[in-house]
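Below: one structure, written as structure tokens.
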Amino acid sequence: MNSIHEHLKIWNVKNQAALDGGGKSRQEKQREAGKKTARERLDLLLDTDSFEEIDRLAISQFLGTQDTEYTDGVVTGFGTINGRKVALYAQDFTMRGGSLGARHAEKICKIMDLAAKVGCPIIGLIDSGGARIDEGIHALSGYSKIFMRNSRYSGVIPQISVILGPCAGGAVYSPALTDFIFMTEHISQMFITGPQVIEQVLHEKVTKEELGGSGVHGTKSGVAHVISTSEEACFISVKQLLSYLPGNYCEATPVIEVKRSSPSIPQGERQTLLGAHAEPVEAYERDLQALIPANSSQSYDIKNIINTLVDHASFFELQPTFAANIITGLARIEGSVIGIVANQPLVKAGTIDIDASCKAARFIRMCDSFGIPIISLVDVPGYLPGVDQEHHGIIRHGAKLLYAYATATVTKITVILRKAFGGAYIVMGSKELGTDFNFAWPQAQIAVLGAKAAVTILHGKKLAQAEPDNRHELQKALESEYETEFLNPFVAAEHGYIDSIIEPNKTREHIVKALSICSDKVEVLPKKKHGNMPL
């Protein structure tokens, strides 16, 4: 027995450099670039001493040198984050630039298969120069196998991609197929064709950051869900996201016990005495109606409404700078996880456009995959008009949002806060799309058109024939008449399209009750292979 231990000790000493990555010089070069090594990243992300590595001694069957390169440029295994099991792979840029070859891909596929079998999230820490040119078709085949698993395990286990360096060419499609993408400023890049190719083909000069940096994908393309300023901040965000997600589609989302803090204790001390999830009692005593201007054309920040309705400091927004006219994110109410979809009047008056449709539709599909109830907060004047929107497919993209709401079988609760006009009323979780509870505030306006547009269409001839001095007064009188007759939620409630007209300050209370009523909801869609979503 002693000889076996001695043999293992000698082997470890002899091969320590190969086990630790590309060597000290390359590791230092990685740090000089503002990046951490693969194992340093795992240490930051995982609970202390929780990592169980697999395939540490894997080597490439195509290795052309005499040096043994253990791990083949990717570290794989299981660990825990805040006590919850996760599977991970971390590409090692210090070893052949983290490039992907056949054995490297096999390791990733193996950990993905194991994650699906045991039912836990899979997290990929991506830092790679792309496919290994010297392995040719074998490297391309490796990517194909990963993409296949990304697709097959979609909706089975949460898949999270953390981009911590370059991710180029075909490699970008693995993150694109996962549920969430995290990027970090200055070190993350994603693009199909790099700056050199673009310069050669199109004669355009562009930097990697300008082409596919975190700013581009966080704001313009919508590829990234969360952008962080550092790797440490990125891992904190990953941990926070995981606290809202189940391990797999059969598992319930984590519930946090909520404690009510006493108003007699200073706010700072409450957090210390009662823990991070203490709920200040005054958090729900704000006048919700006062947060929304009486003038229906005046904007306001819907996040103030969200943060008042959900548990204190629990709102985790996704894609905050992309399609900011619609808000999506995870939160908690009474300790239970919910998904929020809300129009944002501060941006484009809260209208729905192409990007907003795609953003909200994908979020709803994710929530439905993992059993997360969807709360829709509606204040929408309609779709964004314009030739550009029509020519770029608002019909096709807008249908994605309809499809997502209509096919979601989780609990769906809609609250119309101020206005819901035309097709935008339908698409934002209307009763007809299978929403379980639809509430409206008393001042809510539900109609085909707003008063001004409706009067212009209905009474255009009458207004044209009126004396110029009286035309304005007639317009106002007709608008007032239309508002009284049509722009209120009572007609909708009388016909069952709205379940209840509620006091604004009782909104949270009604949501809590509705969630409780629907806690055991079971809804089965018609039997079929799958639907044909308008992609």
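For this chain, numbers begin at 1 and follow the sequence in order.
Taking each heavy atom of K359 and Q319 in turn, the nearest pair found is NZ-O, 2.9 Å. Here the closest heavy-atom approach between residue G247 and residue P158 is recorded as O-CD, 3.2 Å. When all heavy atoms are compared, the tightest approach of P246 to P121 is O-CG, 4.3 Å. The minimum heavy-atom distance between N248 and G119, with the atom names listed, is ND2-O, 2.9 Å. In this structure, I187 and A33 approach most closely via the heavy-atom pair CG2-O, 4.2 Å. Closest approach of G73 to M95, counting heavy atoms only: N-SD, 3.2 Å.
Of the listed residues (K35, R41, K36), just one forms a side chain to side chain donor-acceptor pair (under 3.5 Å) with E231, and that residue is R41.
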Item to check | Test log, rule side chain to side chain contact (heavy atoms under 4.5 Å, CB included), inputs L88 and I111 | outcome: CA-CA 7 Å; L88 309 96; I111 197 68; over 6 Å; no
Next on the checklist: Go through it in stages, so that I can follow the logic: the residues are R39 and E53, the test is salt bridge (Lys or Arg N to Asp or Glu O under 4.0 Å), and I'd like the CA-CA distance, side-chain angles, deciding distance and then a yes or no.
Outcome noted: CA-CA 11 Å; R39 295 188 185 279; E53 187 171 354; 2.9 Å; yes
Next on the checklist: Under the criterion side chain to side chain contact (heavy atoms under 4.5 Å, CB included), I'd like the reasoning laid out for H397 against H392: C-alpha separation, chi angles, the key distance, then a yes or no.
Outcome noted: CA-CA 9 Å; H397 294 291; H392 283 86; 5.9 Å; no
Item to check | Trace of the side chain to side chain contact (heavy atoms under 4.5 Å, CB included) decision for T414 with M428 | outcome: CA-CA 8 Å; T414 295; M428 282 299 298; 5.9 Å; no
Item to check | Chi angles and distances behind the side-chain hydrogen bond (donor to acceptor under 3.5 Å, both in side chains) call for E135, S99 | outcome: CA-CA 10 Å; E135 293 197 24; S99 59; over 6 Å; no
Next on the checklist: What verdict does the side chain to side chain contact (heavy atoms under 4.5 Å, CB included) test give for V226 and F316, after you've listed the backbone C-alpha separation in whole Å, the side-chain angles of each residue and the deciding distance to 0.1 Å?
Outcome noted: CA-CA 10 Å; V226 179; F316 184 81; 4.1 Å; yes
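Taking the side chain to side chain contact (heavy atoms under 4.5 Å, CB included) definition, one finds that S50 meets it with L46, D47, T80, sequence neighbours left out. With sequence neighbours left out, S174 forms a side chain to side chain contact (heavy atoms under 4.5 Å, CB included) with Y89, I146, F147, N150. Residues meeting the side chain to side chain contact (heavy atoms under 4.5 Å, CB included) test with R362, sequence neighbours left out: none.
Considering CD of Q189 and CD1 of I163, their distance stands at 10.5 Å, rounded to 0.5 Å. The structure places OG1 of T328 at 10.0 Å from CZ of F322, a figure rounded to the nearest 0.5 Å. If you take CG on L241 and CD1 on I81, they are separated by 10.0 Å, rounding to the nearest 0.5 Å. Residue I236 holds its CD1 atom at 8.5 Å from OG of S228, rounded to the nearest 0.5 Å. How far CG of N304 is from CG of L291: 6.0 Å, rounded to the nearest 0.5 Å. Distance check: I352 CD1 to N325 CG gives 8.5 Å after rounding to the nearest 0.5 Å.
Identified under the ring pair (Phe, Tyr, Trp, His ring centres under 6.0 Å) test for residues 188-239, with sequence neighbours left out: F180-H225. Residue pairs meeting the ring pair (Phe, Tyr, Trp, His ring centres under 6.0 Å) criterion with at least one member in residues 108-142, sequence neighbours excluded, are F62-H138. Among pairs with a residue in residues 243-255, those fulfilling salt bridge (Lys or Arg N to Asp or Glu O under 4.0 Å) read R84-E251, at least two apart in sequence or across chains.
With salt bridges taken as basic N to acidic carboxylate O contacts below 4.0 Å, none links K348 and D355. K107 has no carboxylate O lying under 4.0 Å from a charged side-chain N of D72, or vice versa, which leaves the two without a salt bridge. E334 has a carboxylate O that lies under 4.0 Å from a charged side-chain N of R508, or vice versa, which qualifies the two as a salt bridge. Under 4.0 Å is where a charged nitrogen must lie from a carboxylate oxygen, and between R103 and E106 at least one such pair does.
The number of heavy atoms from other shown groups lying within 6.0 Å of NZ (K239) is above 12. Within a 6.0 Å sphere centred on CD1 of I133, other residues, nucleotides and ligands contribute 12 heavy atoms or fewer. Atom CE of M533 sits in a crowded spot, with more than 12 heavy atoms from other residues, nucleotides or ligands closer than 6.0 Å. For OH of Y300, the number of neighbouring non-hydrogen atoms (other residues, nucleotides, ligands) closer than 6.0 Å is greater than 12. Within 6.0 Å of the CZ atom in R31, the count of heavy atoms belonging to other residues, nucleotides or ligands exceeds 12. Within 6.0 Å of the CD1 atom in I192, the count of heavy atoms belonging to other residues, nucleotides or ligands exceeds 12.
Using a 4.5 Å heavy-atom cutoff, the side chains of S243 and N82 are not in contact. Side-chain contact between I160 and V86 is absent, with no heavy atoms from C-beta onward closer than 4.5 Å. With a 4.5 Å cut-off on side-chain heavy atoms, S376 and I413 do not count as touching. Using a 4.5 Å heavy-atom cutoff, the side chains of L42 and L125 are in contact. Inter-residue side-chain proximity for S214 and E209 is flagged as met; some heavy-atom pair is nearer than 4.5 Å. With contacts defined as side-chain heavy-atom distances shorter than 4.5 Å, the pair I364/L401 qualifies. You'll find the side chain of L384 stays beyond 4.5 Å of the side chain of I394, heavy atoms only. Between I326 and V341, some side-chain heavy-atom pair lies under the 4.5 Å cut-off.
At least one donor-acceptor pair under 3.5 Å links the side chain of T76 to the backbone N or O of I54. Although no hydrogens or angles enter the test, the distance criterion places a donor-acceptor pair under 3.5 Å between the side chain of Q389 and the main chain of I354. With hydrogens and angles disregarded, no donor-acceptor distance shorter than 3.5 Å links the side chain of E199 to the backbone of K205. Distance alone, capped at 3.5 Å, places no donor-acceptor pair between the S141 side chain and the I137 backbone. A donor-acceptor pair under 3.5 Å is absent between the side-chain atoms of K145 and the main chain of C109, judged by distance alone.
Q344 and D379 share no donor-acceptor pair across their side chains, judged by distance under 3.5 Å alone.
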